[in-house]
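Below is one structure, written out as structure tokens; the observations come after it.
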Protein chains: 2
Amino acid sequence: MSKSNNVYKDAYNRCLRLLDETRSLPSEPELGTLLGVSRTTVRSILARMEETGLIAWNKRAKTVLRDPRPDDFFPEEETDTLAEIIERSFMRRLLAGGAEAGMQINELELAREIGVGTTSVREFLIRFSRFGLIEKRRNSHWVLKGFTRAFALELTEIREMFELRSAAAFAALPTDSPVWADLERLEDEHRQLAREIATRFNAFSELDERFHRLIHRASRNRFIVDFYDVIAMIFHYHYQWNKAQERERNEVAVGEHLAYIEALKSRDLGKVDAACRKHLKSARQTLLTSIPESRSPKS
Amino acid sequence: MSKSNNVYKDAYNRCLRLLDETRSLPSEPELGTLLGVSRTTVRSILARMEETGLIAWNKRAKTVLRDPRPDDFFPEEETDTLAEIIERSFMRRLLAGGAEAGMQINELELAREIGVGTTSVREFLIRFSRFGLIEKRRNSHWVLKGFTRAFALELTEIREMFELRSAAAFAALPTDSPVWADLERLEDEHRQLAREIATRFNAFSELDERFHRLIHRASRNRFIVDFYDVIAMIFHYHYQWNKAQERERNEVAVGEHLAYIEALKSRDLGKVDAACRKHLKSARQTLLTSIPESRSPKS
DNA sequence: AAACTGTTTTTTCACGATAAAAGACATTAA
DNA sequence: TTAATGTCTTTTATCGTGAAAAAACAGTTT
């Protein structure tokens with residue numbers, strides 16, 4: 001089977017959505033940058049669109065013939081990367097109980113269960129290892145360290161250290177820095193969400209990530225910026241896992257973000273520190289309450 | 001070729017050194033734990049030792065017949081892991097000039113040049129990416145970010161944050177904690193080295209790593225402990241690269257370590273902070289002076 | 001019966017091969 | 001003569017395969 005063409009399928013679907021807006025498509029290189037793929041892939045997309053009668057394609061002329069129908073799209077699940085598929089499978093197993101700390105992870109078994117080659121699983125595990133949840137025994141298997149209370153505490157300790165520093169750096173940024181406009185925009189989005197919190201509360205997690213990433217970027221330190229990947233990953237699955245009082249939690253968080261933004265805009269380091277601390281404290285609390293008490297944390 | 005038997009060869013060599021000390025070898029499982037390999041490998045080793053007339057092997061009886069000769073050993077280079085070989089090759093290219101920031105890395109070319117499969121190179125690059133020196137373009141090549149001044153500054157910023165916190169945690173450890181004995185032992189080694197600094201100054205880098213790892217471990221935070229891998233890696237190659245004034249630098253560092261150890265033993269947080277800061281500052285300076293001025297740091 | 005040795009099965013590690021995707025080069029149109 | 005299209009080459013992503021190494025099982029010895 002060697003390689004799935006999910007890049008093509010995903011780009012094709014995104015290109016279909018473009019069709020609604022225009023009567024004719026731009027040049028191949030332009031489409032390429034627009035979709036984030038190479039011209040080779042763009043041409044496959046165009047070829048198929050011609051075949052299915054969506055467009056007429058002759059050299060530079062790419063005229064839209066009809067609007068895309070639902071069945072023109074490739075099914076969602078065929079557009080995922082292998083890495084995403086493996087990650088989801090792995091996290092499901094990890095969170096859906098029975099994942100005791102110390103348990104060993106079998107590459108071959110995982111690969112068979114997901115229906116992929118061992119190489120992909122190996123590469124996934126290597127990439128995943130930086131999240132601190134698994135560990136490799138030299139020349140041997142991987143060991144699961146478990147999504148425990150200790151893990152959450154270690155993670156949040158670093159997070160707090162990094163974010164306090166980033167927030168301070170943010171506040172010290174010159175007034176003409178473009179981040180202030182970004183912050184303004186995020187503030188608007190927060191206010192909007194606050195108004196519609198009753199119905200749109202699940203839109204928070206995405207906004208949360210963008211907000212914190214903006215702040216972390218102010219540190220101008222790749223290790224701090226990269227570490228947010230760990231946090232984002234954990235919170236991503238945590239949100240899916242723990243739906244208890246989601247609406248209330250998010251409402252509180254939006255309020256804290258707004259206060260935090262206010263503090264940043266004041267550029268008063270004392271206020272920034274206080275607002276940041278307050279938010280991080282409740283974020284930690286949220287994470288901690290969702291973790292079941294650890295059983296017997298051995299070695 | 002599929003897989004080299006470097007585990008066997010390395011364990012065999014180490015086992016040869018064991019032969020000098022005893023008249024007969026222990027049981028297979030015991031040898032296994034001693035050498036850190038499985039019983040399967042132990043049996044291969046014993047089989048070969050019997051063949052070459054080093055021992056007589058009959059079930060439990062493994063009597064040493066003669067002392068090992070130099071030519072009994074496998075050549076050193078055959079005992080390295082593929083990962084080590086790739087890392088060395090890669091770092092040599094990276095440090096030996098011509099490694100401009102922004103340059104792209106070609107898996108296939110690297111693999112061919114080193115004479116290994118692409119899979120091993122890919123896995124190496126994924127593992128190596130956490131050091132922050134390279135970055136992956138989705139569905140495409142890796143990009144070298146370069147061993148620049150900016151990199152060194154970002155690295156040391158985190159290092160200082162982590163070490164100051166770890167040192168404070170260390171000083172707060174209860175008196176009956178085993179780390180105090182470890183520290184005592186390290187202090188002795190430092191004193192010894194200080195006395196013989198003229199001849200043994202290159203023994204410092206190994207001692208340095210052990211000392212700092214001991215301190216970082218006091219943080220009881222996996223992210224802090226793991227981050228020392230990044231530091232260790234950089235300093236390892238940095239030591240090989242920059243030999244200028246090595247003796248003087250190391251002499252100074254040993255002195256700083258001793259003051260640092262003294263401060264830790266006093267358990268006075270103010271003193272610890274001061275000693276730690278002082279040492280980290282000069283460590284940063286050392287690293288920075290060895291990096292040539294960056295040319296044009298783009299994007 | 002506890003700990004060892006002998007044997008078999010399973011898993012990890014690394015390779016070469018192949019389709020997807022990217023990239024480079026040659027050609028043509030505006 | 002610039003920027004597109006058409007064509008060809010190279011690189012990346014993924015798999016199946018096989019040897020090395022680990023692990024499990026079964027039979028022995030003390």
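A note on names: the letters A, B, ... follow the listed sequences, proteins ahead of strands, and every chain is numbered from 1.
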### Message
Less than 4.0 angstrom between a side-chain N/O of B:S27 and OP1 or OP2 of C:dC4, yes or no?
### Response
yes
### Task
Calculate the interatomic distance between A:F124 atom CZ and C:dT12 atom P; express it in whole Å.
15 Å
### Query
5'-most contact on DNA chain D: B:S2 or A:E30, nearest heavy atom basis?
A:E30
### Message
Please classify the nucleic acid contact of B:S4 as base, sugar-phosphate, or nothing, using heavy-atom distances under 4.0 Å.
### Response
sugar-phosphate
### Task
Test for a donor-acceptor pair under 3.5 Å between the base of C:dT12 and the side chain of B:K3, counting only N and O atoms.
yes
### Query
So, are A:R93 and A:E109 salt-bridged, with charged N and O less than 4.0 Å apart?
yes
### Summary
In B/S/- notation (B base, S sugar-phosphate only, - none; protein heavy atoms under 4.0 Å), nucleotides 23-30 of chain C written 5' to 3' is BB----S-
### Query
Is any side-chain N of the basic residue among B:R66 and B:D72 closer than 4.0 Å to the acidic one's carboxylate O?
yes
### Task
Determine the minimum heavy-atom distance between A:I105 and A:H141, stating which atoms define it.
O-CB, 3.8 Å
### Task
Could you tell me whether A:K9 contacts a base, only the sugar-phosphate backbone, or nothing, with contacts defined as non-hydrogen atoms closer than 4.0 Å?
nothing
### Length of the line joining B:D80:CG and D:dA20:C1', which is rounded to integer Å
17 Å
### Message
From CD of B:E84 over to P of C:dC13, roughly how many Å is that when rounded to an integer?
### Response
14 Å
### Query
Of the nucleotides C:dG6, C:dC4, C:dC15, which one has an atom closest to the side chain of B:V116?
C:dC15
### Message
Output the rounded distance in Å from CD (A:E78) to P (C:dA20).
### Response
14 Å
### Query
In terms of the nearest nucleotide of DNA chain C, which residue is placed more toward the 5' end: B:P26 or B:L82?
B:P26
#### Entry: Basic-acidic side-chain contact under 4.0 Å: B:D80, B:K9
no
### Query
Rounded to whole angstroms, how far apart are CG on A:N106 and C1' on C:dT12?
9 Å
### Query
Between B:T119 and C:dG16, is there a side-chain N or O to OP1/OP2 distance below 4.0 Å?
no
### Message
Does atom CZ (B:R220) have a neighbourhood of more than 12 heavy atoms from anything else shown, all under 6.0 Å?
### Response
no
### Task
Scan side-chain atoms only and decide if B:Y237 and B:E87 contain a donor-acceptor pair under the 3.5 Å cut-off.
yes
### Query
What is the distance from CG of A:N5 to C1' of C:dA22, rounded to the nearest Å?
15 Å
### Message
Rounding to an integer number of Å, can you tell me how far A:D10 CG sits from C:dA21 P?
### Response
10 Å
### Query
Is B:E135 salt-bridged to A:R222, cutoff N-O under 4.0 Å?
no
### Polar side-chain atom of A:N13 near backbone of A:F73 as donor-acceptor pair, under 3.5 Å
no
### Query
With nearest nucleotides of DNA chain C determined for A:K136 and B:N58 from heavy-atom distances, which residue corresponds to the more 5′ nucleotide?
B:N58
### Query
Using a cut-off of 4.0 Å on non-hydrogen atoms, how would the nucleic acid contact of A:I105 be classed: base, sugar-phosphate, or nothing?
sugar-phosphate
### Task
Write down the distance between CG (A:L35) and C1' (C:dA22), rounded to a whole number of angstrom.
15 Å
### Message
What contact category does A:R112 fall into here, base, sugar-phosphate, or nothing, at under 4.0 angstrom with non-hydrogen atoms?
### Response
sugar-phosphate
### Message
Is the phosphate of D:dA21 approached by A:N139 (side-chain N or O, under 4.0 Å from OP1 or OP2)?
### Response
no
### Message
Can you identify which nucleotide, out of C:dG6, D:dA13, D:dA22, has its nearest atom closest to the B:E107 side chain?
### Response
D:dA13
